[in-house]
Participant: 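Below is the structure I would like to discuss, written out as structure tokens.
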2 protein chains.
Amino acid sequence: MAVYLQVLEELEAEGEEIISSSKLAQLCGVNPSQIRKDLAYFGEFGVRGVGYYVTDLKESIKHFLGLDKTWNCAIVGIGNLGRALINHRAIKDKGYRIVGAFDWDPFKIGEKVGDLEIICTRRLKEKAKELNIQIGIITTPPNRAQRAANHIVEAGIKAILNFSPTRISVPDDVIVDYVEFSRYLIYLSFKLIHG
Amino acid sequence: MAVYLQVLEELEAEGEEIISSSKLAQLCGVNPSQIRKDLAYFGEFGVRGVGYYVTDLKESIKHFLGLDKTWNCAIVGIGNLGRALINHRAIKDKGYRIVGAFDWDPFKIGEKVGDLEIICTRRLKEKAKELNIQIGIITTPPNRAQRAANHIVEAGIKAILNFSPTRISVPDDVIVDYVEFSRYLIYLSFKLIHG
DNA sequence: CTCACATTGAGAAAAAATTCACAAACCAAA
DNA sequence: TTTGGTTTGTGAATTTTTTCTCAATGTGAG
Ligand SMILES: NC(=O)c1ccc[n+]([C@@H]2O[C@H](COP(=O)([O-])OP(=O)(O)OC[C@H]3O[C@@H](n4cnc5c(N)ncnc54)[C@H](O)[C@@H]3O)[C@@H](O)[C@H]2O)c1
Ligand SMILES: NC(=O)c1ccc[n+]([C@@H]2O[C@H](COP(=O)([O-])OP(=O)(O)OC[C@H]3O[C@@H](n4cnc5c(N)ncnc54)[C@H](O)[C@@H]3O)[C@@H](O)[C@H]2O)c1
């Protein structure tokens, strides 16, 4: 679904107004029926004999994926990785905004990263309300990840993305996802061996 | 498959010697038959009436995934993200070693990151041979990604992991994978909306 | 308005993946 | 050696996913 969205955005940028499922399928590298089934799943967007209106369809998918709102994120642990994420522009275009940078280290507090000021993790709860933070991102060292998670949960945030290579435990109503860099490397080396 | 491996490693660390498909299935959150099918796919490892020998099975999966060798990687673009990846310990345990740090910026060349010295991108070809580099990792700004890719291809490296948010074009015999941070955020926000 | 053409939406068919079920194989104890 | 209790490996059954097909519907020309 995210692939369709990306292709649709490219088409829109090229000025295309209408696209047929077969053309879109070709661009996405899938079967035309696949596309029609997927799109029909959450509403009827096509026009028989014509195709799909690129902009309308794009908006519908965005709405379905929740990309028509902006989502506010906080980063906890402002080391190399935290900074890289704050500076990463690509996510802003998709409607995710990093609105808070938190760290435990007293020497870092007050320091500027981009146009964010690093804030003490203890103030996360207070700031989460103020900034309406919906997603917490953990980029602390592994042995601090659980502590960071606790702060995020405490602040009432219901979604966590954890970059540190440790499992964290949280209440059932909090969604956690893990980023594992090694996954990509395993894929590549596997391909190198097995074609 | 990578999940089985992780669970097996945990089991080995706990001193377990034998595991049945049903126990392993439980730990991985899948069906026992699933496990037996998957394992039977690349050889007969189990012992009827007994189960699977944890260590043997772990080794076999590692071999199958190519994780019994060490893979040498080079990072091209030593900014925040590049540094974060170099310092990231978790991948070393899986057999991936970052043996080269390359950057274009003359002011960075010679600088130390961890125990690596930053080398000029122009020397990539020469160093790739010397260090037997098999995987190239791009962490340059987006507008430099293609140039970095060209250097990597030129150096005879056949696998590329691209962190910059741009598509790159390479010859057919080079494998490319893309890391898109936004994928994880989309997953989280989608879950927040749709349960 | 009618006709020729294009394309969707959805049910039918095909393919793929998952799960079930059980014979074959193994171990341990008697 | 035989017996009883396990657990794998695999063919069959089931479920899910993907693809095919075509009636229904829209467009635009005449
Ligand atoms: N998942 C991946 O793909 C991936 C890739 C690279 C790095 N990593 C991991 O990301 C983590 C961070 O990497 P890095 O290079 O930025 O490390 P780093 O040491 O540069 O930064 C860690 C930061 O966390 C702060 N911190 C420590 N305890 C804290 C706490 N309780 N609350 C708030 N902040 C706290 C530190 O002050 C420091 O600024 C590491 O665990 C690393 O292994 C993951
Ligand atoms: N995929 C993801 O999930 C993700 C996450 C965060 C950042 N990023 C992306 O990663 C990239 C790097 O981020 P960063 O924060 O480290 O940026 P940065 O600006 O700190 O570092 C970029 C480095 O690349 C070097 N460089 C530029 N041109 C080069 C060339 N031709 N050859 C070799 N080196 C070259 C620069 O000298 C600099 O050191 C950005 O494109 C960013 O958008 C991706």
Side-chain angles (χ1 to χ4, degrees), chain A residues 1-8 10-12 14-65 183 186-187 190-191 194-195, chain B residues 1-12 14-65 183 187 190-191 194-195:
Chain A
M1 208 64 122
V3 179
Y4 302 164
L5 183 57
Q6 187 158 349
V7 172
L8 285 169
E10 283 164 20
L11 285 170
E12 196 183 36
E14 287 165 20
E16 299 288 331
E17 293 186 358
I18 290 178
I19 184 89
S20 68
S21 59
S22 49
K23 294 248 179 60
L24 184 56
Q26 210 168 7
L27 292 170
C28 298
V30 300
N31 188 288
S33 306
Q34 187 70 262
I35 299 229
R36 296 208 292 275
K37 270 270 152 66
D38 288 349
L39 298 183
Y41 176 70
F42 66 103
E44 294 194 8
F45 299 113
V47 182
R48 294 182 183 203
V50 180
Y52 297 89
Y53 291 99
V54 173
T55 305
D56 283 4
L57 185 55
K58 187 203 72 177
E59 293 300 330
S60 300
I61 294 182
K62 275 192 143 181
H63 178 71
F64 178 65
L65 293 177
R183 282 283 173 88
I186 292 175
Y187 169 78
F190 184 82
K191 279 282 186 181
H194 295 87
Chain B
M1 207 67 123
V3 178
Y4 302 165
L5 183 57
Q6 187 157 351
V7 171
L8 284 169
E9 283 181 342
E10 284 164 20
L11 285 170
E12 195 184 36
E14 287 165 19
E16 299 289 331
E17 292 186 359
I18 290 177
I19 185 89
S20 68
S21 58
S22 49
K23 294 249 179 58
L24 185 56
Q26 211 169 7
L27 292 170
C28 298
V30 299
N31 187 288
S33 307
Q34 187 71 262
I35 299 228
R36 295 207 293 275
K37 269 270 154 66
D38 288 349
L39 298 183
Y41 176 70
F42 66 104
E44 295 195 5
F45 299 112
V47 182
R48 296 182 182 202
V50 180
Y52 297 89
Y53 291 99
V54 173
T55 303
D56 283 4
L57 185 54
K58 187 203 70 176
E59 294 301 330
S60 301
I61 294 182
K62 276 193 142 179
H63 179 71
F64 178 65
L65 293 178
R183 281 285 172 86
Y187 169 79
F190 184 82
K191 280 282 186 179
H194 296 85

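Since the model is a prediction, treat every value here as computed from it, not as a measurement.
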Participant: Go through the structure and list residues passing ring-ring contact (aromatic ring centres under 6.0 Å, His included) with B:Phe64, not counting sequence neighbours.
Facilitator: A:Phe190, A:His194, B:Phe42

Participant: Quick one: which residue pairs count as a ring pair (Phe, Tyr, Trp, His ring centres under 6.0 Å) with a foot in residues 14-40 of chain A, not counting sequence neighbours?
Facilitator: none

Participant: Around A:Glu16, counting heavy atoms of other residues, nucleotides and ligands shown, do more than 12 lie under 6.0 Å from its CD?
Facilitator: yes

Participant: At the 4.0 Å heavy-atom cut-off to chain A, mark where contacts on DNA chain C begin and end, going 5' to 3'.
Facilitator: C:dA6 to C:dA12

Participant: Taking all non-hydrogen atoms of both residues into account, name the closest pair between A:Tyr4 and A:Cys28 and its distance.
Facilitator: CD2-SG, 3.6 Å

Participant: Where along residues 28-48 of chain A does a heavy atom fall under 4.0 Å from DNA chain C?
Facilitator: A:Arg36, A:Lys37, A:Glu44, A:Phe45, A:Gly46, A:Val47, A:Arg48

Participant: When the distance from CD1 of A:Ile18 to C1' of D:dT27 is rounded to whole Å, what number comes out?
Facilitator: 10 Å

Participant: Considering only residues two or more places apart or on different chains, which pairs with a residue in residues 28-57 of chain B satisfy salt bridge (Lys or Arg N to Asp or Glu O under 4.0 Å)?
Facilitator: none

Participant: Is there a side-chain contact between B:Tyr53 and the phosphate of D:dT7, meaning an N or O under 4.0 Å from OP1 or OP2?
Facilitator: no

Participant: With a 6.0 Å cut-off (strictly less than), is the heavy-atom count around NZ of A:Lys23, excluding the residue itself, greater than 12?
Facilitator: no

Participant: What are the two closest non-hydrogen atoms of A:Asn31 and A:Ala25, and how far apart are they?
Facilitator: C-CB, 3.8 Å

Participant: Answer whether the closest heavy-atom distance between the side chains of A:Ile18 and A:Tyr53 falls below 4.5 Å.
Facilitator: yes

Participant: Send over the distance from B:Tyr52 OH to D:dT6 C1', rounded to a whole Å.
Facilitator: 13 Å

Participant: Check whether any side-chain heavy atom of A:Val7 sits under 4.5 Å from a side-chain heavy atom of A:Ile19, and report yes or no.
Facilitator: no

Participant: Counting only heavy atoms not in A:Glu10, do more than 12 sit closer than 6.0 Å to its CD atom?
Facilitator: yes

Participant: Please list, by residue number, the residues of residues 20-27 of chain A whose heavy atoms come closer than 4.0 Å to an atom of DNA chain C; answer none if no residue qualifies.
Facilitator: A:Ser20, A:Ser21

